[in-house]
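All values below come from the heavy atoms of this structure, side chains included, with hydrogens, waters and symmetry mates left out. A note on names: the letters A, B, ... follow the listed sequences, proteins ahead of strands, and every chain is numbered from 1.
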Amino acid sequence: MTGIVALYIFMLAAFTGYEVIARVPVILHTPLMSGSNFVHGIVLVGAMVALGGAHTPLEKAIGFLGVLLAAGNAMGGYVVTERMLEMFKASGKGAAKRSH
Amino acid sequence: MPWASAAVAIQASYFVTAALFIIGLKRMSSPVTARSGILWAGAGMAVATLVTFLYPGMSNFELILPAMFVGAGLAWWSGKRVAMTDMPQMIALYNGMGGGAAAAIAAVELYRGAMPDYATSTLAVAGGIIGAVSFSGSAIAFGKLQGLITRSIRFSGQQLLNLLLLGAALVLGGLVAAHLNASPAVVTAFFVLALVLGLTMTLPIGGADMPVVISLYNALTGLAVAFEGFVLNNAAMIIAGTVVGSAGTLLTQLMARAMNRSLGNVLFSGFGDTGAAASGEVSGSLKPIEAADVGVMMAFAQKVIVVPGYGLAVAQAQHKIWELCQLLIDRGVNVRFAIHPVAGRMPGHMNVLLAEAGVPYDLIADLDEINAEFETADVALIVGANDVVNPVARTDKSSPIYGMPILNADKAKNVIVIKRGKGAGFSGIENALFYLDNTRMLYGDAQKAAAELIQAIKAV
């Protein structure tokens with residue numbers, strides 16, 4: 001990937017992020033922050049590559065820490081977002097489930 | 001050519017992952033499709049993670065797998081256990097981990113010292129400092145919201161110290177990026193300075209402002225991930241990181257605006273703790289009321305608007321309040337919930353807490369929708385909310401919260417305030433609403449008060 005292509009990707013992705021979020025109701029701000037927190041858990045992929053190519057003990061130690069933290073970011077972000085979104089129900093469907 | 005075909009498969013998979021992330025985020029931006037959004041994004045993450053094991057020249061699997069299992073296992077365990085009220089600090093924690101991971105990637109690449117060109121080394125350094133600040137800063141944010149750090153440490157010259165730290169980190173980073181001196185000692189000093197900067201930047205910021213800071217660090221982590229994506233030539237990281245970076249920046253601005261603050265004000269002013277502001281004078285007296293009287297008042301009302309605040313979450317009263325509202329709805333009362341953008345600990349947090357109690361989201365209205373309706377409401381029931389219903393935000397120019405959009409609960413015919421004691425809100429400002437002629441105070445823990453109201457309404 002040449003530098004200029006990378007710049008194009010960067011610009012288009014920035015606009016995409018802005019547009020995707022622009023009209024979000026406040027009620028979803030917290031889950032969405034959590035969801036975007038999950039999405040940058042993709043850093044796991046980079047951490048795996050970094051550790052996968054590490055040679056010295058220092059590189060390996062830092063790489064190990066990186067993979068551990070990144071896996072925590074991805075898994076934690078997924079679990080809490082899923083838990084929050086699971087609870088959002090409209091009155092019709094939700095009421096039927098709740099009545100005992 | 002097994003490696004070449006693996007490379008194509010990897011690139012194709014990353015492309016699919018980027019698409020799944022964007023679709024997932026898009027679906028998460030509407031309450032109807034939000035639930036499926038995280039599943040789409042999760043599928044994207046699974047694809048990318050699995051295919052990365054095929055990366056050409058990968059080794060150290062005996063380290064990668066345990067690190068993944070330990071990190072994911074701990075996060076899964078903590079994420080399943082955390083209470084909904086504690087969600088903001090968990091987001092901070094996981095976000096900080098992502099920032100730390102981005103900084104770790106930068107560190108591995110910089111210690112190895114095999115930077116092909118200036119652009120790569122500059123981006124590695126930039127991602128490194130942003131990731132490290134996000135890591136240590138988020139750790140402080142977590143500590144503050146979790147109650148582990150109770151004091152906001154402030155001293156004169158603090159901004160100068162931060163500026164010096166930033167300057168020193170940038171000089172060292174510049175040396176590394178320009179290939180002038182990329183020795184391990186310089187790289188180490190660079191990361192230490194960046195980590196300390198994250199601490200000293202975040203320590204003076206008050207707990208009430210933390211959500212904005214968490215959101216900012218979330219955006220920064222996204223950016224750091226994108227920068228390290230450039231370094232590793234990884235399109236999935238570039239796209240996902242940049243999308244989060246820009247979406248997170250927008251979310252941060254929306255939050256800051258909802259709190260009537262500019263981002264610079266949040267980061268550099270040190271307001272946001274109790275007692276920071278002198279309170280204005282309020283005339284009148286607090287008029288207490290008994291639960292039985294409130295029960296009668298609400299049972300025969302046409303329309304009741306509930307205004308929940310963080311006090312409701314602290315008392316875990318959302319279930320009892322919803323039970324109370326269901327009783328009212330069964331009696332034919334029109335019940336709505338009015339949510340201020342910053343009710344709870346961050347925008348949308350209160351919606352999550354009400355959703356947990358089973359309140360359908362179509363009974364919940366936000367500020368713009370509901371404000372005109374207070375005039376026609378018989379009862380506004382304020383549960384643990386304070387600053388967000390303080391009418392001085394509309395009237396008193398000298399008040400620190402002047403200009404903040406508030407819920408016009410004072411316009412309702414009767415205002416009932418459930419409150420534990422007589423203290424002021426987060427901002428330390430006396431609430432003029434509590435002293436109005438149409439306001440009555442129902443003192444007590446929100447959960448107990450709600451239980452008493454349920455009894456009172458059942459007895460009508």
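- When each of B:Pro211, B:Ala67, B:Gly99 is scored by its heavy-atom pairs under 4.5 Å with chain A, the top score falls to B:Ala67.
- In this structure, the side chain of B:Asn60 does not engage the main chain of A:Lys60 through any donor-acceptor pair within 3.5 Å.
- Contacts between B:Met87 and chain A at a heavy-atom distance below 4.5 Å involve the side chain alone, from C-beta outward.
- Atom-to-atom distance recorded for A:Ser36:OG and B:Asn95:CG is 8.5 Å, nearest 0.5 angstrom.
- Most heavy-atom pairs under 4.5 Å with chain A, from the set B:Met90, B:Met350, B:Lys80: that is B:Lys80.
- Of the listed residues A:Leu58, A:Thr81, A:Val49, A:Leu65, the one with more heavy-atom pairs under 4.5 angstrom with chain B than any other is A:Val49.
- Looking at every heavy atom in both residues, B:Ala34 comes nearest to A:Leu28 through CB-CD2, 4.2 Å.
- Relative orientation of the B:Phe230 and A:Phe10 rings is tilted, given thresholds of 30° and 60° on the angle between their planes.
- The distance from atom CG of B:Asn218 to atom CG of A:Asn37, rounded to the nearest 0.5 Å, is 5.0 Å.
- Atom OH of B:Tyr55 is surrounded by more than 12 heavy atoms from other residues, nucleotides or ligands within 6.0 Å.
- Distance check, rounded to the nearest 0.5 Å: CD1 of B:Ile38 to CG of A:Leu85 gives 6.5 Å.
- B:Thr188 pairs by the side-chain hydrogen bond (donor to acceptor under 3.5 Å, both in side chains) definition with B:Tyr111, not counting sequence neighbours.
- Although no hydrogens or angles enter the test, the distance criterion places no donor-acceptor pair under 3.5 Å between the side chain of B:Thr242 and the main chain of A:Ala13.
- For B:Asn351 and A:His29, the side-chain atoms include no donor-acceptor pair closer than 3.5 Å.
- For chain A, the option among B:Leu63, B:Leu254, B:Val225 with the highest count of heavy-atom pairs below 4.5 Å is B:Leu63.
- Evaluation of the salt bridge (Lys or Arg N to Asp or Glu O under 4.0 Å) rule for A:Glu82 yields B:Arg35 as partners, not counting sequence neighbours.
- Each of B:Ile239, B:Thr249, B:Ile339, B:Thr221 has some count of heavy-atom pairs under 4.5 Å with chain A, and the biggest count is that of B:Thr221.
- Between A:Met33 and B:Ile214 there is a side-chain heavy-atom pair separated by less than 4.5 Å.
- Across B:Ala219, B:Gly42, B:Gly241, B:Ser36, the residue that shares the most heavy-atom pairs under 4.5 angstrom with chain A is B:Gly42.
- B:Arg112 contributes no side-chain N or O that, together with a main-chain N or O of A:His55, makes up a donor-acceptor pair within less than 3.5 Å.
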